[in-house]
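One structure below.
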Amino acid sequence: MDQDFWTYFFVVLTFGLYIGIAIWARAGSTQDFYVAGHDVHPTINGMATAADWMSAASFLSMAGLIAFLGYGGSVYLMGWTGGFVLLALLLAPFLREFGKFTVPDFVGDRYYSTTARVIAVVCTLFISFTYIAGQMKGVGVAFSGFLGVPFEWGIGIGMVIVFIYAVLGGMKGVTYTQVAQYVVMIFAYTVPAIFISLIITGNAIPQLGFISNVRGDEISMLDKLNEVVTGLGFGAYTETSKSKLDVFAITGALMFGTAGLPHVIVRFFTVRSASAARYSAGWALVFIALLYTTAPAVGAFARLNFINTVNDATYIEDGEDYDTTAAAIVAEGGKPVPVWYKDWEKTGLLSYEDLNGDGIMQYRGPNAPDGLQNELKPSNDIFVLANPQIAQLPGWVVGLMVAGGLAAALSTAAGLLMVISSAVSHDLCRKTLFKDMNDKTELRVARGAAASAVFAAGLLGIFSSQLGFVAQVVAFAFGLAAASLFPTIFLGIFWKRMNREGAIASMIFGLVATFTYIVYFKFVDLDPTHWFLGVSPEGVGFLFMLGSLAVGMAVSLITAPPPQEIQDIVEDIRVPGLRRTLSVAQEHSAP
């Protein structure tokens, strides 16, 4: 059985499983649709949270970033991991104790303001749509690379699958689907890593193979990789060209952005209590660690294998018979371009330009000792998916990897769609525009909003090809979340003097400033030397988060304090079991 068979087998099998779960767990009420009835077991929720969290950026692009940025790519690993710890310890239990459905719901009641609720909805939609663009792009990459369909068609297929199980099952269906997706993801990620670690280092544990000696050689894997990349004119793998401030800012934006991501926060609303939220956060960290500790090894193995198989290979044109030409090249002592490269070249995510006309593929850095120019432009997004092919692993391993990549993208896309749907139907419609709406109507509106969001997400996935690779697109969402929602949520929990005027000013400043900076330096001024303090668009959310905190506190101090009842609620949510009725928040609600 060939690779194509196993790819279709695993994709069809897993997609059928997701749809079956959605039908089994179909949402019958708004509580089921928004928060799975507040009745998910902490361990199950931890696994679902891990799947929701480990998006296409984590599964597809993070290891690719580490592969080509080396130490510089570790900011994504550090920021995302640290951010989840921050979320689990500082925000999730207290938000669950507050007892609402969504982040805008918390903002609206905590800050006794319809205006604050609407602004929180706008922030949520900006963040979620930016994030989901990266997920849909990941779906397009996986489909186009392995199923031979155009990038846009791949996104369309993903849209149909997400539509079925997200719109039908709601958060209840999404939760149990994400559990299945986590199992698929973790097997798909670790099994190829184990095979490749054995091939390169002889160690079956990738985390240990990463720091072991190369098989049959007295040099460590990392030293070998440093030797290879510097010999081709690239910077050392264990060093970075980023400034310390930019590294710090990107890590901070990812960390605090994690703590402000609505689709991750809402997962902690699906359990019964604040205590259960803490336990589910602990389980989620365990499940996430299985993949995140493997990613550096996957990245390093991918970089080494890529160089060994492609650099200085003889290119074979599309019109030529591959097998005949490759045999002739080998007979002459040469190295033909590998089959996996020709397969991925069709996606447009790999490109080769024969600058010197010798027909040999030179992969070189800016400081190449032989003076040759680089002729290869690989995308960071393909290397986790292509890794099994590069290492010539069995077809079933390749098929499993494809199913894992799709599971990663679809799981997070579904979680984001739930956030978008609830923001529109619950916070914008029922709590703001149509306050007499009943549960049945709200559920219909929620499903309609989710369906519309699926279509919009597909368009954004196609458009995201102009923004950058998957992890970079997702990083923009983290910057927006860090600067807009995190300060408002954090101060709303830990500073009872924070009022509605401060919250409104903080969210507007953070969202507008960060969005403007990202758009300006991604579409108008592409010169990195013009970045403010040398901080990239991926990291600027951290700087504006500090500004947003300052704006919120300053405005709160020069305006009237919140009602005493609101201040009492803020104190009570930090003590489990003592939360007072939130009706007082409704009484004081104002535009």
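Note that these values count all heavy atoms, side chains included, but never hydrogens, waters or copies made by symmetry.
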Partners meeting side-chain hydrogen bond (donor to acceptor under 3.5 Å, both in side chains) with Asn387 (sequence neighbours left out): none
Student check: side-chain heavy atoms of Arg303 and Leu225 closer than 4.5 Å: yes
Any donor-acceptor pair under 3.5 Å from Ser506 side chain to Gly502 backbone: no
Under 3.5 Å: donor-acceptor pair, side chain of Tyr517, backbone of Gly541: no
Side chain proximity check, Asp246 to Trp531, heavy atoms < 4.5 angstrom: yes
Side-chain (Lys342) to main-chain (Ile316) donor-acceptor, under 3.5 angstrom: yes
Test item: Leu350 and Tyr341 side chains (from C-beta on) under 4.5 Å apart, heavy atoms: yes
Between CG on residue Asp354 and CD on residue Gln373, distance to nearest 0.5 Å: 11.0 Å
Side-chain H-bond candidate by donor/acceptor type, Glu345 with Tyr315, under 3.5 Å: yes
Side chain proximity check, Thr294 to Gln207, heavy atoms < 4.5 angstrom: yes
Ring-ring centroid check Phe490 Phe256, cutoff 6.0 Å: no
Asn374 side chain vs Pro366 backbone, donor-acceptor pair below 3.5 Å: no
Partner set under ring-ring contact (aromatic ring centres under 6.0 Å, His included) for Phe287, not counting sequence neighbours: Tyr182, Trp283
Side chain Ser197, main chain Ala193, donor-acceptor under 3.5 Å: no
Interatomic distance, Glu320 atom CD to Glu317 atom CD [nearest 0.5 angstrom]: 6.0 Å
From CA spacing to verdict: side-chain contact (heavy atoms from CB on, under 4.5 Å), Tyr71, Val247: CA-CA 10 Å; Tyr71 174 72; Val247 168; 5.8 Å; no
Residues Tyr363 and Lys377: side-chain donor-acceptor under 3.5 angstrom: no
Gln362: which of Asp312, Asn311, Asn356 passes side chain to side chain donor-acceptor pair (under 3.5 Å): Asn356
Spatial distance of atom CG (Leu372) from atom CD1 (Ile360) [nearest 0.5 Å]: 11.0 Å
Side chains of Arg267 and Gln178 in contact at under 4.5 Å (non-hydrogen atoms): yes
Leu480 CG to Cys123 SG distance, which is reported to the nearest 0.5 Å: 8.5 Å
Separation of Gln392 CD from Ile196 CD1 (nearest 0.5 Å): 11.5 Å
CD1 on Ile200 to CG on Asn308, rounded to 0.5 Å: 8.0 Å
Heavy-atom side-chain proximity of Thr258 to Leu86 below 4.5 angstrom: no
Donor-acceptor contact below 3.5 Å, side chain Ser548 vs main chain Phe544: no
Contact check, side chains of Ile211 and Ser220, non-hydrogen atoms, under 4.5 Å: no
Aromatic plane relationship, Tyr111 with Phe106 - under 30° parallel, 30 to 60° tilted, over 60° perpendicular: perpendicular
Check: Asp427/Ser422 side-chain N/O donor and acceptor closer than 3.5 Å: no
Chi angles and distances behind the side chain to side chain donor-acceptor pair (under 3.5 Å) call for Trp344, Gln389: CA-CA 10 Å; Trp344 277 97; Gln389 288 176 290; 2.8 Å; yes
Thr314 and Val337, any side-chain heavy atoms less than 4.5 Å apart: no
Phe126-Phe515 aromatic ring centre distance below 6.0 Å: yes
